[in-house]
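Reminder, nothing fancy here: chain letters follow the sequence lines and each chain counts from 1. The shown structure was predicted, so the numbers you read here are calculated from the model rather than taken from an experiment.
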Number of protein chains: 2
Amino acid sequence: MQYLKIKDEILLQIEAGSLFTSGQKLTSGQKLMSERKLAESFNTTRVTLREALSLLESEGKVYRENRRGWFISPAPLRYDPTNTTNFHNLALSQQRIPKTELINAGMVPADKHIAQLLQIAPQTEVIRIHRVRYLDERPVVLVTHYVLPDRLPHLLSHDLSASLTDIYQQHYDILYQQTHYRIRSSSLVADTAAALRATSGCAAMYIERVNYDQHGQLLDCDLEYWRHDAVIIEARAIRQL
Amino acid sequence: MQYLKIKDEILLQIEAGSLFTSGQKLTSGQKLMSERKLAESFNTTRVTLREALSLLESEGKVYRENRRGWFISPAPLRYDPTNTTNFHNLALSQQRIPKTELINAGMVPADKHIAQLLQIAPQTEVIRIHRVRYLDERPVVLVTHYVLPDRLPHLLSHDLSASLTDIYQQHYDILYQQTHYRIRSSSLVADTAAALRATSGCAAMYIERVNYDQHGQLLDCDLEYWRHDAVIIEARAIRQL
DNA sequence: CAGTGGTCTAGACCACGCG
DNA sequence: GCGTGGTCTAGACCACTGT
């Protein structure tokens, strides 16, 4: 099991500050040396070296950007799906620099899955908003919102790179209150992967939420694909006895 | 991108019921043909075939047991960390056959991480219980409980393959009430992997909980390593406004 | 344009599961 | 003991990144 030894060795050298392309010692976001150089330095082939790196990747220690190389993973964002704090403030409160990029937004017919989540008939027109969110210039999550247009008329005329929570509150007097969420391990494919500069098959954390307002009315749902090393869910709950 | 095509092709053939070792058509837990046969049937090499299978594995469609082969993933268990239902009843309510195996139990000094979770000094003696849980004969999660011995005296004298929740309630009049949980994507290594018949580096869902009783007193914590395709978190939450 | 990562080939050996 | 999965080698070509 050569790749296990190589994996541990890489970890050590990362902590020691070697292995970097540049001479810097920052342990976050730094790029590693090229695979060929790493393979040579461990006296092995690229295949075995990539095995070791993939292991580190699955442990959340390093990550890959498609065709750009391997990087040290920054600390994950602590994310509480039961809290109303928006992404922007959440990131800032953890000393991270947030950015939201609007990919596109418009009306689409709800597919079967979305229709079920929003409790509407399939093919009903809903608002769909695709956004990518960044932490410190790294794309970490692809978020797709599906919004009931009856509840939020003219939503598309607002600045959708801002927080939806804020728009709801300021322009519609609507607050998120109850939420129903699902979390599972998944992977990024095709477009989803590309949006996060990842390769197909990259491990991901999938979070799906259905949100209700302060009157218990269904508002929207959102589907989030996180780079798996970029987030850790953290919540408190009082159990129903 | 041959492996993407092979991946899709395998999915199709699985749904059609081919590719199995036996002639059966059950889509759950079935073993696939050997890698060499699969590689030959797709006219490729084992390396590329394994690339395709790994992709399916990361999508939760198939899983591997160490040196035993590839199997179709059963539907995941829906798991609500805010609910008190024990594993046994949860599984039964979803038409699954549960089994709990006690690996070992005893007193150990708390390491730094456990001490922090339980709010005690490092090296304090606590009860540690290692258990593996099965669904339909498949090991799906390795659970380690760390219990404060002051709160649960003589706990080790009970049958620890039963539900801890039940033991707490029946013998100590203690109920789980509040819980603080963390969820992140992780991977299985060495012993942890072996306990679930997985290989080192296998993707996992890591769940960490700190549990409090009906009086708000800290009781125990538990660390759970799930096979990532075997579980989906599902919870409702009222947000604090 | 040079170098890199992504992908693929065609083998090989070994330890282990299973019959 | 046979076949299997786990691991590893030594190459190769191509598309893309970064300069």
* Would you check, one step at a time, whether the test side-chain contact (heavy atoms from CB on, under 4.5 Å) holds for Leu117(A) with Leu223(A)? => CA-CA 11 Å; Leu117(A) 290 179; Leu223(A) 320 184; 4.1 Å; yes
N/O (side chain, [X]) to phosphate O (OP1/OP2, [N]) under 4.0 Å:
X	N	value
Ser34(A)	dG3(C)	no
Gln2(A)	dG6(D)	no
Thr199(A)	dG5(C)	no
Thr44(A)	dT9(D)	yes
Tyr3(B)	dT7(C)	yes
Asn66(B)	dG5(D)	no

* **Identified side-chain contact (heavy atoms from CB on, under 4.5 Å) counterpart of Ile207(B) within the set Ile183(B), Val141(B), Val143(B)** =>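 Testing each of Ile183(B), Val141(B), Val143(B) against Ile207(B), the sole residue satisfying side-chain contact (heavy atoms from CB on, under 4.5 Å) is Ile183(B).
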Whole-Å distance between [N] [atom2] and [X] [atom1]?
X	N	atom1	atom2	answer
Lys37(B)	dG3(D)	NZ	C1'	9 Å
Glu51(B)	dC8(C)	CD	P	7 Å
Met33(A)	dG5(C)	CE	C1'	15 Å
Phe71(B)	dT4(D)	CZ	C1'	12 Å
Leu38(B)	dT4(D)	CG	C1'	12 Å
Trp70(B)	dG17(C)	CH2	C1'	17 Å
Leu49(B)	dG6(D)	CG	P	12 Å
Met1(B)	dC8(C)	CE	C1'	13 Å

* Asked: How would you list, by chain and number, every residue that makes a side chain to side chain contact (heavy atoms under 4.5 Å, CB included) with Met1(A), sequence neighbours excluded?
  ->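 Checked Met1(A) against side chain to side chain contact (heavy atoms under 4.5 Å, CB included); matches are Tyr3(A), Leu4(A).
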Looking at the side chain of [X], which of [options] is the nearest nucleotide?
X	options	value
Arg68(A)	dT9(D), dG5(C), dT17(D)	dT17(D)
Val47(A)	dT9(D), dT4(D), dT4(C)	dT9(D)
Arg50(B)	dC8(D), dA15(D), dG6(D)	dG6(D)
Thr45(B)	dT9(D), dT4(C), dA10(C)	dA10(C)

* Taking all heavy atoms of Ile72(B) and all of Leu32(B), pick out the closest pair and write down the distance. =>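 What the structure gives for the nearest pair is CD1-CD2, 3.7 Å.
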* To do: Please work out if Arg36(A) contacts a base, only the sugar-phosphate, or nothing of the nucleic acid, heavy-atom cut-off 4.0 Å.
  =>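 Base, at least one base atom sits under 4.0 Å.
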* Asked: Hey, does Arg46(A) reach any base, or is it just sugar-phosphate, or nothing, if we go heavy atoms under 4.0 Å?
  ->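 The residue Arg46(A) makes base contact.
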* To do: Test Arg46(A) against every option in Glu35(A), Glu51(A), Glu40(A) by the salt bridge (Lys or Arg N to Asp or Glu O under 4.0 Å) rule and name the one that passes.
  =>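 When salt bridge (Lys or Arg N to Asp or Glu O under 4.0 Å) is applied between Arg46(A) and each of Glu35(A), Glu51(A), Glu40(A), only Glu35(A) qualifies.
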* Give a yes or no on this: more than 12 heavy atoms of other residues, nucleotides or ligands lie within 6.0 Å of atom CG of Asn104(B). =>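 Enclosed.
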* Asked: Toward the 5' end of DNA chain D, which comes first, Asn43(A) or Arg67(A), by nearest nucleotide?
  ->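 The residue whose closest nucleotide sits nearer the 5' end is Asn43(A).
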